[in-house]
Amino acid sequence: MPPGGDAALTAVFTESMARLASAVAVVTVRQADGAPCGLLVSSVCSYSVAPPSVLVAVAESARACPALAVVGAAFGVHLLSAADRATAELFARRGADKFAHTRWSWDGPVPRLADVPSYLRCVSTAVLHHGDHAVVVGEVVRCVPAPAEDDPLVHYRRRFGWRLAAPEDQGCAARAGEVAGERDQVAAPR
């Protein structure tokens, strides 16, 4: 905990954030010694469309942080689907050579996981160190989308495998309209 930190506030904050459902991704980078390095993150999101960019937060204590939290660093973001749970569990572990237990190859300077279809290759354009994390803005230089039928892997209450329910046999536009309609109904004054 940082000096002057409030242990009770930290505990309540940690529990509150565990109740925020989030997609998870594996971030990969080449270390200074040339070896691949990767970790699982739940704090990743789109940041900008022009130019296409993502935002990733990484613990300063993570092995990947020194290579990742540098302006100009090339890195990969592998957006995990429900079928990628074993990959998530592998990259959530500390230590060990994670790449010895999965198929991968080099995509230029970036380690790319072979079995994760949704992939972004990025170059960091800004880094902010705050508290015990580094926030990295990465401009997307290559994007490989997942198949449309893939469901995301969701992390909620410290577990994987939660599934977002959607009406069957309807397109995305129909689902988005239903969700917006439900939101409007809930927000409408009575």
Side-chain angles (χ1 to χ4, degrees), residues 2 13-14 16-82 84-96 98-99 102 104-146 150-156 158-160 162:
F13 173 75
T14 302
S16 296
M17 294 310 294
R19 294 177 181 272
L20 177 64
S22 61
V24 291
V26 171
V27 174
T28 58
V29 65
R30 183 189 304 242
Q31 293 180 307
D33 66 2
C37 190
L39 72 159
L40 183 74
V41 298
S42 60
S43 51
V44 60
C45 64
S46 63
Y47 178 69
S48 171
V49 174
S53 302
V54 295
L55 185 143
V56 178
V58 179
E60 294 277 2
S61 61
R63 278 187 0 186
C65 193
L68 183 63
V70 177
V71 172
F75 65 96
V77 177
H78 302 79
L79 304 173
L80 303 182
S81 74
D84 300 317
R85 184 174 178 160
T87 300
E89 290 170 350
L90 173 66
F91 281 87
R93 296 184 195 130
R94 291 193 179 270
K98 300 166 190 173
F99 289 87
T102 191
W104 68 280
S105 63
W106 290 106
D107 177 25
V110 176
R112 179 171 180 197
L113 305 179
D115 297 322
V116 178
S118 186
Y119 167 74
L120 309 171
R121 186 167 85 189
C122 306
V123 174
S124 64
T125 57
V127 178
L128 168 70
H129 296 273
H130 180 78
D132 60 357
H133 276 63
V135 178
V136 179
V137 176
E139 188 169 323
V140 178
V141 296
R142 182 169 182 226
C143 181
V144 179
D150 281 3
D151 288 331
L153 180 60
V154 177
H155 190 252
Y156 175 69
R158 298 179 184 88
R159 294 186 310 219
F160 296 116
W162 293 91

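Keep in mind it's a predicted model, so treat the numbers as computed, not measured.
Salt bridge present: E89 and R85 bring a charged side-chain N and a carboxylate O closer than 4.0 Å.
Within the structure, ring-ring contact (aromatic ring centres under 6.0 Å, His included) pairs that include any residue of residues 33-64 do not occur (at least two apart or interchain). For residues 36-54, no residue pair satisfies the salt bridge (charged side-chain N to carboxylate O under 4.0 Å, His left out) rule, not counting sequence neighbours.
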request  = Assess whether side chain to side chain contact (heavy atoms under 4.5 Å, CB included) is satisfied between L90 and T102, documenting all intermediate values.
outcome  = CA-CA 9 Å; L90 173 66; T102 191; 4.0 Å; yes

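Heavy atoms only, all atoms of each residue included: K98 and L39 are closest at NZ-CA, 4.3 Å. When all heavy atoms of L80 and L40 are compared, the closest pair comes out as CD1-CD1, 3.8 Å. Across all non-hydrogen atoms, the minimal contact from R30 to G108 is NH2-O, 3.6 Å. V110 and G76 get closest at one heavy-atom pair: CG1-N, 3.3 Å. The two residues S124 and V136 have their closest heavy-atom pair at CB-CG1, 3.6 Å. Closest non-hydrogen pair, L113 versus H78, comes out as N-NE2, 3.0 Å.
Scanning for ring pair (Phe, Tyr, Trp, His ring centres under 6.0 Å) contacts around F91 gives F99, with sequence neighbours left out. R142 meets the salt bridge (Lys or Arg N to Asp or Glu O under 4.0 Å) test with D107; sequence neighbours excluded. Partners of D132 under the salt bridge (Lys or Arg N to Asp or Glu O under 4.0 Å) rule, at least two apart in sequence or in another chain, do not exist in this structure.
Results of the side chain to side chain contact (heavy atoms under 4.5 Å, CB included) test with V123 over V140, V71, V141 single out V141 as the only residue that passes.
Rounded to the nearest 0.5 Å, atoms OG1 (T28) and OH (Y119) are 6.0 Å apart. Taking CG from L120 and CZ from R112, the interatomic distance works out to 10.0 Å, rounded to the nearest 0.5 Å.
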Acceptor/donor pairs from residues 53-65 side chains to any protein atom, 3.5 angstrom cut, sequence neighbours excluded:
residue: S53; atom: OG; partner: P51; partner atom: O; Å: 3.0
residue: E60; atom: OE2; partner: H129; partner atom: ND1; Å: 2.5

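Side-chain atoms of V44 and V27, non-hydrogen and from C-beta on, never get closer than 4.5 Å to each other.
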